[in-house]
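This structure is a prediction, so every number in the text was calculated from the model and none was measured.
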Amino acid sequence: VVSWNAILTALAQNGRLDEAQCVFDKMPEYTSLSWNVLLNANADHGLVHRARVLFDRCPQKDIYSWTILVTAYAMRGDLSMAAKLFKAMPQHSIVTWTAMVQAFGDNGDIQNASEYFIKMPERNSFAWTALIMAHIRGQDLKGAVRTFRNMPSHDVVSWTAMIQAHAECGLVEWAKTVYDMMPERNVVSCTVMLVAYSQAGHVDAARQVFDSMPRHNVVAWNAMAAAYATSGHLWTARMMLFSGPERNVVSWTAMIAFYAQYGHWDLSASLFQQVPVRNLVTWNALIATAAQSSQWRVAIDLFHEMAAEAIEPD
RNA sequence: CUAAGAACAUCCAG
């Protein structure tokens, strides 16, 4: 069972849902971990109904199983179901509590997020940061700052959330102040700062942040490319994407969208054909491209092809 | 060994 579980976990982590399902079906016996891994894989793919069926069939539901399902409903926006399940579950942990804070926070529902937060028997920086994010999404900068101040200890994630908090309100210089003040930075905090500058229209400042980073990952490269694309530098953006060490589905989709934004529908469409990975967003980007160039026939054909690739249109 | 917090692409919302 241990090795079966290891295989199952590996497949699930790589997003190979169908293969994980096959392995699961062939397993001679299960532990709750096996069920949870498959449950989570379905949830990750947005297949909440299938997750629910699995959950109901699962003979040994533990706190993990419940949390996965609660989070799945929350991600779909079904907060009342999430809350109902939360109430029904036999045990709560700091993780399940935090998941509820996060669930309401994602919706900008500061009120409910705070209520769950207050009722928590104990809190860690995950919980505090989730509450900060709730305030950010609810457009309450003051509340975000207040929450940050009330936190007993700050880590790089909560600091980064505060960069985000100020940037979201258009206060880039304050965001930069936070950025300068934080005791340590990582690739995410730098990328947040980079994006903040980009969104404020300061490409050059964004580039300076990029150049100052000790390490870059795909997200950083993608973000810098987007900064160029949105500031009129299509070809520099293209350079960034192609000269980086690595590209992912976001990079490809971004490039398809950039071409379209500049009216290069042909380039957009031909890149789509060559791209090694596609997801729902990639398809949406291309459909939008076709629609913008008034190729309705093409848009509709694409829509059907999409179903053929086993991607559910939304 | 499986569940919760920060960054990038499309649409939507603002």
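For the pair A:Met182 CE and B:rA7 P, the computed distance is 13 Å after rounding to whole Å. Between the CG atom of A:Asn222 and the C1' atom of B:rA7 there is a distance of 11 Å, given to the nearest Å. Following rounding to the nearest Å, A:Trp159 (CH2) and B:rG5 (P) show an atom-to-atom distance of 22 Å. Note: CH2 (A:Trp283) to C1' (B:rC11) measures 16 Å, nearest angstrom. When rounded to the nearest whole Å, the span between NZ of A:Lys119 and C1' of B:rA4 equals 18 Å. Put simply, OH on A:Tyr179 is 16 Å from P on B:rA7, counting in whole angstrom units. Per the geometry, CZ belonging to A:Arg137 stands 10 Å off P belonging to B:rG5, to the nearest Å. If you take CZ of A:Phe210 and P of B:rA7, they are 19 Å apart, rounded to a whole angstrom.
Counting distance only, with no hydrogens placed and no angle test, the side-chain atoms of A:Asn124 and the base atoms of B:rG5 include no donor-acceptor pair under 3.5 Å.
Across B:rA7, B:rA4, B:rA9, the shortest atom-to-atom separation from the side chain of A:Thr98 is found for B:rA4. Comparing B:rC8, B:rA6, B:rA7 by their nearest atom to the side chain of A:Asn186 picks out B:rA6. In the set B:rA4, B:rU10, B:rA6, B:rU10 carries the atom at the smallest distance from any side-chain atom of A:Asn284. The side chain of A:Val219 has B:rC8 as its nearest neighbour among B:rG14, B:rG5, B:rC8. Among B:rC8, B:rA9, B:rG5, the nucleotide with an atom closest to any side-chain atom of A:Ala223 is B:rC8.
For B:rA9, neither phosphate oxygen OP1 nor OP2 lies less than 4.0 angstrom from any side-chain nitrogen or oxygen of A:Gln261.
A:Arg123 comes within contact range of no nucleotide atom at all, as no heavy-atom separation falls under 4.0 Å. Residue A:Val195 is classed as a sugar-phosphate contact, given heavy-atom separations below 4.0 Å to backbone atoms only.
A:Phe104 places none of its side-chain heavy atoms less than 4.5 Å from the side chain of A:Ser114.
A cation-pi contact links A:Arg185 to A:Tyr179, judged by a cut-off of 6.0 Å to the six-membered ring centre and 45° from its axis.
Taking the six-membered ring for Trp, A:Phe24 and A:Trp4 have ring centres at least 6.0 Å apart. Remark: aromatic rings of A:Phe55 and A:Trp66 are close, center separation under 6.0 Å. Taking the six-membered ring wherever Trp is involved, the centroid distance between the rings of A:Trp128 and A:Phe148 does not fall below 6.0 Å. Between A:His264 and A:Phe258, the gap from one ring centroid to the other reaches at least 6.0 Å.
Judged by distance alone, the side chain of A:Arg215 and the main-chain N or O of A:Asn186 form no donor-acceptor pair under 3.5 Å.
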Polar atom pairs (N or O), protein with nucleotides 1-3 of chain B, under 3.5 Å:
unit_1 : atom_1 : unit_2  : atom_2 : d
B:rU2  : O2     : A:Asn36 : ND2    : 2.8
B:rU2  : O4     : A:Tyr64 : OH     : 3.4
B:rA3  : N1     : A:Ser93 : OG     : 3.4
B:rA3  : N3     : A:Thr67 : OG1    : 3.2

